[in-house]
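These numbers come from a predicted model, not from an experiment. Read the numbers this way: they start at 1 and go in the same order the structure lists the ligands and their atoms.
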Amino acid sequence: MQHHGAFPTTRLRRTRQHAWLRRAVAETVLTPADLVWPLFVHDGKAPVAVPSMPGVERLSIDGVARAAEQAAALGIPAIALFPVVDAAHKSDDGRQAVDPENLACRTVRAVRRAIGDTVGIICDVALDPYTTHGHDGLLLDGRILNDETVEVLCRQAVVLAEAGCQVVAPSDMMDGRVGRIRWALDAAGRQDVCILSYAAKYASAFYGPFRDAVGSQQALGTARSLGVGDKQTYQMSPANGDEALREVALDVAEGADMVMVKPAGTALDIIHRVKREFGLPTFAYQVSGEYSMIQAAAAAGWLDGPKAAVESVLVIKRAGADGILTYFAPEIAKALR
Ligand code: PBG
């Protein structure tokens, strides 16, 4: 007796036989439009390699403008900008963050001059590039201050918007910052500027290479002597999933246009739940450590780097992400052409 829907009537290998058929039945298709390219900018002329992120460089302002042109040519809709600030410009209170002449603002203006509106510029809102202790917020007596930090973040968001950044992305994980930033942007006449909230951001070991790149790792080392060498009092514990949904719910209520889950590869379940529960544009950040693991294994000859890169990003989309920040963005976009 034959059972419909069961073997031998049903053979799932049938649709896997031909490359064209595998392509035709693909449930998830990655396109360059799914990608956001994170870029590091520094105040030098020449590019400087990031040793713990093989293939990634800190670029000059002109270098970022050229990379943005490349992104446009590849069909990548946006870049995410991360300033590498000279030690001389860091301070305990990170006051450079609100200076309209800081590296991030100068880069935004230069890139917008060079490429107009062809590629979006997403800017982090957080104090870590600017603080001597490397924390995302103000540090006092071994504690990260919440409300005082939020006031500074609001000013940082406004100066970035004034420079021409179309999407501000608070990555600091202070409570209540999205609503306050929305209010501050609106008060400055910038109702047009989007907020992409790092809503569910985990305290993760996978940010290590990024902290090397922007020099906040060393700074956090000095913070350790002040009693707070990690970000666990504001970033989420990887143990928690329901809490991530509460974070997203609050940010949505406060006016976030889009939300982000980070890291991506260790939080595919969270990406899925967030997309399913809220249905709003959901981004995921394949962070530096995820990138470097693949690059290191590829360099050792242990896996096929380009294939692993595409697979790692494809499954983030399958989980529910509408957009993926990944250092592989240009390579993947080229491979997809
Ligand atoms: C800081 C920030 C971090 C990343 C993006 N914004 C690091 C951190 O929270 O310490 C990490 C990105 C990556 O690892 O690629 N606000």
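- Contact analysis leaves E290 out of contact with ligand 1, as no non-hydrogen atom separation drops below 4.0 angstrom.
- At a 4.0 Å heavy-atom cut-off, ligand 1 touches D128 through the side chain alone.
- Look at Y285 and you'll find a heavy atom under 4.0 Å from some atom of ligand 1.
- Ring geometry for H18 against W20 counts as parallel: the plane angle stays under 30°, on a 0 to 90° scale with 60° as the upper cut.
- Going from atom CZ of F206 over to atom CD of E290 covers 7.0 Å, rounded to the nearest 0.5 Å.
- Of the N or O atoms in K201, one or more lie within a sub-3.5 Å distance of an N or O in ligand 1.
- Under a 4.0 Å N-O distance rule, the pair D186/R182 qualifies as a salt bridge.
- Contact of the P170 side chain with the I195 side chain is registered, since non-hydrogen atoms from C-beta on lie closer than 4.5 Å.
- Interface of D124 with ligand 1, defined as ligand atoms under 4.0 Å from a residue heavy atom, comprises 1 (C), 2 (C), 6 (N), 16 (N).
- A salt bridge links R106 and D43; the closest N-O separation between the charged side-chain nitrogens and carboxylate oxygens is under 4.0 Å.
- Ionic pairing of D141 and R143 is not present here: no N-O contact between side-chain nitrogen and carboxylate oxygen is shorter than 4.0 angstrom.
- Distances below 4.0 Å separate heavy atoms of A126 from the following atoms of ligand 1: 16 (N).
- Classified by interplanar angle (parallel below 30°, tilted 30° to 60°, perpendicular above 60°), the ring pair F40/Y327 is parallel.
- Counting protein heavy atoms only, atom 14 (O) of ligand 1 is closest to S288 OG, 2.7 Å.
- For Q286, the closest heavy-atom approach to ligand 1 does not fall below 4.0 Å.
- Ranking protein heavy atoms by distance to atom 8 (C) of ligand 1, first place goes to K231 NZ, 3.3 Å.
- Set against the non-hydrogen atoms of K262, the atoms of ligand 1 under 4.0 Å away are 2 (C), 3 (C), 4 (C), 5 (C), 6 (N), 11 (C), 12 (C).
- Residue contacts with ligand 1 do not include D172, since none of its heavy atoms lies under 4.0 Å from the ligand.
- Counting heavy atoms closer than 4.0 Å to ligand 1, residue S171 contributes atoms from both its backbone and its side chain.
- In this structure, atom 12 (C) of ligand 1 lies nearest to the protein heavy atom F210 CD1, 3.3 Å.
- Between D192 and R190, at least one side-chain nitrogen of the basic residue sits less than 4.0 Å from a carboxylate oxygen of the acidic one, meeting the salt-bridge criterion.
- Per-residue contacts place D136 under 4.0 angstrom from the following atoms of ligand 1 (heavy atoms of the residue considered): 1 (C), 16 (N).
- The CG atom of N146 sits 6.0 Å away from the CE atom of M174 when rounded to the nearest 0.5 Å.
- The side chain of Y327, and not its backbone, has at least one atom closer than 4.0 Å to an atom of ligand 1 (non-hydrogen atoms only; side chain from C-beta on).
- Salt bridge absent: K201 and D172 never bring a charged side-chain N and a carboxylate O closer than 4.0 Å.
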